[in-house]
Number of protein chains: 2
Amino acid sequence: MPTYTAPLREYAFLLEHVLDYSGAVASLPGYEDATPVLVDAVLNEGARLAEKELAPLNRSGDEEACVWENGQVRTPKGFKGAYALYRDSGWPALTASQKYGGQGLPHVVGLILREMVCAANMAFGTYAGLSQGAINAITAHGSEDLKQRFLPPLIDGRWTGTMCLTEPHCGSDLGLLKTRAEPAGDGSYRVTGTKIFVTGGEHDLSENIVHLVLARLPDAPAGIKGISLFAVPKSLQAQDKTWSVRNLVECSGIEHKMGIRASATASLVFDGATGWLIGEPNRGMKAMFTMMNTARLGVSVQAVALAEAALQCARTYALERRQGRGMGAAAVASPVPIISHADVRRNLLVGKSFVDGARALWLWAGIQLDRQHKHPDLAVRSECEDFLALLTPVLKAFFSDRSFQATNAAVQVFGGHGYIRETGVEQFVRDGRIIPLYEGTNGIQALDLVSRKITLNEGRTVASFFALVKEEISGMSELRPEFARELQTSLENLRSATDFIRAGAEADPHLNGAAGHDYLQLFGLVAMGFAWAKIVRAALSLGEGGDQKLASEKLKVANFFFTRVLPEAEHFSRTVKTGSGPLMAFVEDEF
Amino acid sequence: MPTYTAPLREYAFLLEHVLDYSGAVASLPGYEDATPVLVDAVLNEGARLAEKELAPLNRSGDEEACVWENGQVRTPKGFKGAYALYRDSGWPALTASQKYGGQGLPHVVGLILREMVCAANMAFGTYAGLSQGAINAITAHGSEDLKQRFLPPLIDGRWTGTMCLTEPHCGSDLGLLKTRAEPAGDGSYRVTGTKIFVTGGEHDLSENIVHLVLARLPDAPAGIKGISLFAVPKSLQAQDKTWSVRNLVECSGIEHKMGIRASATASLVFDGATGWLIGEPNRGMKAMFTMMNTARLGVSVQAVALAEAALQCARTYALERRQGRGMGAAAVASPVPIISHADVRRNLLVGKSFVDGARALWLWAGIQLDRQHKHPDLAVRSECEDFLALLTPVLKAFFSDRSFQATNAAVQVFGGHGYIRETGVEQFVRDGRIIPLYEGTNGIQALDLVSRKITLNEGRTVASFFALVKEEISGMSELRPEFARELQTSLENLRSATDFIRAGAEADPHLNGAAGHDYLQLFGLVAMGFAWAKIVRAALSLGEGGDQKLASEKLKVANFFFTRVLPEAEHFSRTVKTGSGPLMAFVEDEF
């Protein structure tokens, strides 16, 4: 069975040496107390939770799965206890506003906790993750009254939250949604409709569940512009102030899924359930996107988490399992650990070059999130917000695709043993397969990137990001000229692909859809190059007192990335330019 | 739930127009009766079996899985009846020698049946596939006495066969195996040892099971050169000639797997079990490779089968599911089938460009197999054998990788619904994940290709294959110059990569392992280009009386292949040449 060791050494190196946490985050007003020493202590506690409490429940949770019975959902054995511990240790409050009982720590710290939790037990992590989204949406858009009532129990973890978007007939196209909300006259609304794919929509972990539900008001315009957001608790407040009256929402079943089987994916029937409007009428999509963007950044972190967990498994196995002799001069009589074989190393490095680079990149993005919220200079805030908007679809889609590649490479290290459930490594493949699908499919992310994000601020945001990449190239050009050259070529290819799409999209309405996937892959590779350049510079500047072993390791992984991974950018830069013809020439029955 | 429709139109087009079945196979001595008309009738029957009997058991088989109890294995509900029908209809006998009760039809026809069976129900297909391997190995290497006793019941399907290679401590490295066989003095042997991962090693479908077991004779040399092959039946013959005496082999359990859950993967304990030598002492690997090579070609067919089945699901869903509006001039008020969206088309074409090209390629390989066995000219036989030897690792590894990509692309078409077991499409991902792992991991295939196959006959075989590709390029160069140019570039890249590896392997013992994976991908892309060139030429020469709709479709898929898939060859041609440095520079604890 897989064990998990939180990569605390990695977080420390990245925060301290690669991303200047002290200067970039701990110096922001409100984060003065979040010193590196405090963060280190918090992460040590989080590591203990993940390693000792959550990881041991990962396999059994998958085997047992959630069970639905008469509208109730039972989580697998041990989950209730683990959640109670998680709650009592104050983890749900980590980054929430102090005004409502939170600890007010930086978001980037919350995201590191998320990585550890999901690496240890992704299904468990989904419950916590959705609550975080609900907290963020209510904090950003809720009325003061709503905040007073809903935030404290969400933040102390007695309650959890959900996000209710999808209906049986509508997923990617939310404009089609039918759930309706009618004003009750007392400031509340009666919500009626059916929602599916609600993560944590029903379970036995918390006292109450706040559903954040997209629905239409009676006079709402058709389509996406007529959607509002409501908070609909599973239980309502009784006369005695306890939340003990069942609301008119029922769980009609849960899905049987390929993976994250310990995460309850519920169908909910709202039948005149009482709810309260969050934010303004018909502006629900805006409020939902506050939640969704955090959620998308969160799922990119999940993608890294699963790849890390699978890599740890594969590394352990590759050091233990003995097959074959050494090669050439290293040949010996008795079998060697398979980590000696070049192709096994290649599989491990597919994982490691992804995990190390992607972690640096999402940490960088997490820091932008904190700076967006806390930086005193409004121009900086707004720039951070725009960078995040640009990178969110890239991180979500590119990371989920590459994480899936990494978990599969880990299975490959095990040979036939990787296919056996008992070994545990195949679970990471199944659990991770959801990531390219949920929180907006990767196809939707690609469309978002090419149709909205690269044109943001008339293209100034993407140009600013390219300038940041260029800076990293310059910073690396004397240290590692061959890496710098490769990244420079890739960046030029990305620029040119960007121009191609912006120039062609008006004349060809299908270009965005046709080129989006490959463009996003190209963008993702360059963004990873940006992160790797930062790592290379940091590793080389560690100095004599620094961890030379770590520096040596990072430079070798960087070499793999720049010579065997990044060159794929060239391929995507070519295919982007094939346009929509090869796809749209087909009539429907020719597929 | 997925339904399956056998692609009979595709087989007919490929056999008749692309691969000249009549000239290449039906004209061989011994196959005179296997006319296109007969083959067509056989395939129609096979399609009925797959569609009506096997496909309906695919989902339930996965849900129920095999159950082990006290040494017995129970297959899921319906499997026994389906196997009885399969047996009684004479399918196990299809390609077997007429001398022992077979129908003596061409192997390529047997492989088409295999594709249909596995597309409908891969788990069911594994039982049938392994029997075929056992028949082939005994036919090629068994004594006449062994053939007389074992072939008739295997061929009429009363018995099934297995392949027992792996032991707990050895998989890829068979030289380590410990199972031993001691002569009993009466011409038989006593076999003792533990085998794992035995597909169909125990079940309730047939009266008896013949295990083909690799074991060591008492005086055998160490390593791979001291391995012999034995036939060890589950039940032995009693005085009354019935096979009713239990042999000393026990099933100690079955594996719980990620997929093909209705296929019993058994652990077998041989405790002085009675068996008979197949072929010569210490030449077991040679005999096993007869079986293994057929098996590897068989699993490439499985890879295509799963991609076809998943593609059919995704296509149906994409035509039914409505989300979003059309683009540009085609924009309408009500939601359109998602097949209108460019990125959905891309996902479908990832599948279709693989399935159509790969099917043409394996059919071509299957035809080489028949010509190897039946062609009157020994030189032609030997050339066919060499081409097969060269292409077998490419087909096994490249097809299994790309099939996995295709089944995942099919899931992506479904969005979140693809993750739900009920939809059925995720099963193809889980079932297909075994293919890169079994019958020699894809890493082993890559090593085989670069260290043994490209040097076969001092490199003359690979040169002859390149000449065949070159011929197809010439044949296409006036018809579709842009396709021809792309294939020419890829072929040149492959040639150059081949020279690089052959030149460098001696000085760098790790080069083969380091470059093998990417070289195999490059080779696979060029081989697919070879197949697509044949399809393009056939589609263009269909003439006015031909199926113009099919021709138009194939040319459009070809366009996707040559513009968006084949260009990846360029990438691999670069990475092959990075050598082993980026992998071997690591010390073991740096991963």
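FYI, side chains are in, hydrogens and waters are out, and symmetry mates aren't considered; it's all heavy atoms of this structure. So you know, we letter chains A, B, ... as the sequences are listed, proteins then strands, and number each from 1.
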Quick one: of A:Gln427, A:Glu506, A:Lys549, who has the most non-hydrogen atom pairs under 4.5 Å with chain B? A:Lys549
Using non-hydrogen atoms only, which part of B:Glu568 is less than 4.5 Å away from chain A: side chain, backbone, both, or neither? both
Under 6.0 Å from the CD atom of B:Glu588, do we count more than 12 heavy atoms belonging to anything else shown? yes
Shortest non-hydrogen pair, B:Arg574 vs A:Glu486, comes out as NH2-OE1, 2.9 Å
Pairs of heavy atoms under 4.5 Å with chain A: top-ranked of B:Leu349, B:Thr441, B:Leu348: B:Leu349
Measure B:Ser552 against the heavy atoms of chain A and call it side chain, backbone, both or neither at under 4.5 Å. both
CD (B:Glu422) with more than 12 external heavy atoms under 6.0 Å: no
Please check if the side chain of A:Gln323 supplies one atom and the backbone of B:Gly171 the other of a donor-acceptor pair under 3.5 Å. yes
What I'd like to find out is whether the side chain of B:Leu437 reaches to under 4.5 Å of the side chain of A:Gln412, using heavy atoms alone. yes
Indicate yes or no for a side-chain donor-acceptor contact from A:Arg433 to the backbone of B:Asn408 under 3.5 Å, with no hydrogens or angles considered. yes
Highest number of heavy-atom pairs under 4.5 Å with chain A: which of B:Ile434, B:Asn559, B:Val587? B:Ile434
If you round to the nearest 0.5 Å, how far is NZ of B:Lys577 from OG1 of A:Thr563? 15.0 Å
With only heavy atoms counted, which part of B:Leu319 is less than 4.5 Å from chain A, the side chain, the backbone, both or neither? side chain
So for B:Thr578, is it side chain, backbone, both, or neither that comes closer than 4.5 Å to the heavy atoms of chain A? side chain
Region of B:Lys352 that comes under 4.5 Å of a non-hydrogen atom in chain A: side chain
Closest heavy-atom contact between B:Arg421 and A:Met258? CG-N, 4.0 Å
Go through A:Asp518, A:Leu511, A:Val429 and name the one with the most non-hydrogen pairs under 4.5 angstrom from chain B. A:Asp518
Would you say B:Tyr419 and A:Thr265 make side-chain contact, with heavy atoms under 4.5 Å? no
Region of B:Asn442 in contact with chain A, defined by heavy-atom distances below 4.5 Å: both
Distance (rounded to the nearest 0.5 Å) between A:Arg325 CZ and B:Leu176 CG: 5.0 Å
Here the pair of heavy atoms bringing A:Ile196 nearest to B:His417 is CD1-CE1, 3.8 Å
Would you call B:Glu570 and A:Glu570 a side-chain contact if the rule is heavy atoms closer than 4.5 Å? no
Where on B:Arg564 is there a heavy atom nearer than 4.5 Å to chain A: the side chain, the backbone, both, or neither? both
The interface call for A:Arg315 against chain B, heavy-atom contacts under 4.5 Å, is side chain
Can you tell me how far CG of A:Asp343 sits from NE2 of B:His517, rounded to the nearest 0.5 angstrom? 7.0 Å
Who wins among A:Gly223, A:Ala222, A:Gly324, A:Ala318 for the most heavy-atom pairs under 4.5 Å with chain B? A:Gly324
For A:Pro168 and B:Arg321, which heavy atoms make the closest approach, and how far apart are they? O-NH1, 3.0 Å
Output the option from B:Ala569, B:Gly440, B:Gly415 having the highest count of non-hydrogen pairs under 4.5 Å with chain A. B:Gly415
What part of B:Asn347 lies closer than 4.5 angstrom to a heavy atom of chain A: side chain, backbone, both or neither? neither
Considering only heavy atoms and a distance below 4.5 Å, find which of B:Asp589, B:Leu550, B:Leu447 pairs most often with chain A. B:Asp589
Considering only heavy atoms, which portion of B:Phe586 lies under 4.5 Å from any heavy atom of chain A: side chain, backbone, both, or neither? both
At a 4.5 Å cut-off on heavy atoms, which part of B:Phe404 comes close to chain A: side chain, backbone, both, or neither? side chain
Non-hydrogen atoms of chain B under 4.5 Å away: do they reach the side chain of A:Ser334, the backbone, both or neither? neither
As an exercise, state the distance from OG1 of B:Thr423 to NE2 of A:His256, rounded to the nearest 0.5 Å. 12.5 Å
Does A:Glu426 use its side chain to pair, donor to acceptor, with the backbone of B:Lys257 at less than 3.5 Å? no
Taken to the nearest 0.5 Å, the spacing of A:Leu583 CG from B:Lys556 NZ works out to 12.0 Å
Side chain, backbone, both or neither: which part of B:Leu311 has a non-hydrogen atom closer than 4.5 Å to chain A? neither
Looking only at heavy atoms, the pair that brings B:Phe197 and A:Gly416 closest together is CE1-C, 3.8 Å
Chain B shares the most heavy-atom pairs under 4.5 Å, among A:Gly351, A:Gly259, A:Gly418, A:Ala446, with A:Gly259
Intermediate values then yes/no, salt bridge (charged side-chain N to carboxylate O under 4.0 Å, His left out), A:Arg322 and B:Asp173: CA-CA 9 Å; A:Arg322 291 172 171 267; B:Asp173 185 358; over 6 Å; no
If you count heavy-atom pairs within less than 4.5 Å of chain A, which of B:Pro436, B:Gly443, B:Ser580 leads? B:Pro436
Name the region of B:Thr166, side chain, backbone, both or neither, that has any atom closer than 4.5 Å to a heavy atom of chain A. neither
What's the spacing between A:Leu566 CG and B:Thr575 OG1 if we round to 0.5 Å? 12.5 Å
Most chain A-contacting option - heavy-atom pairs closer than 4.5 Å, from B:Gly516, B:Gly581, B:Ala514: B:Ala514
Check each atom of B:Val344 against the heavy atoms of chain A and say whether the ones under 4.5 Å are side chain, backbone, both or neither. neither
Are any of the side-chain heavy atoms of B:Arg345 and A:Met584 separated by less than 4.5 Å? yes
Segment of B:His169 engaging chain A (4.5 angstrom heavy-atom cut-off): backbone
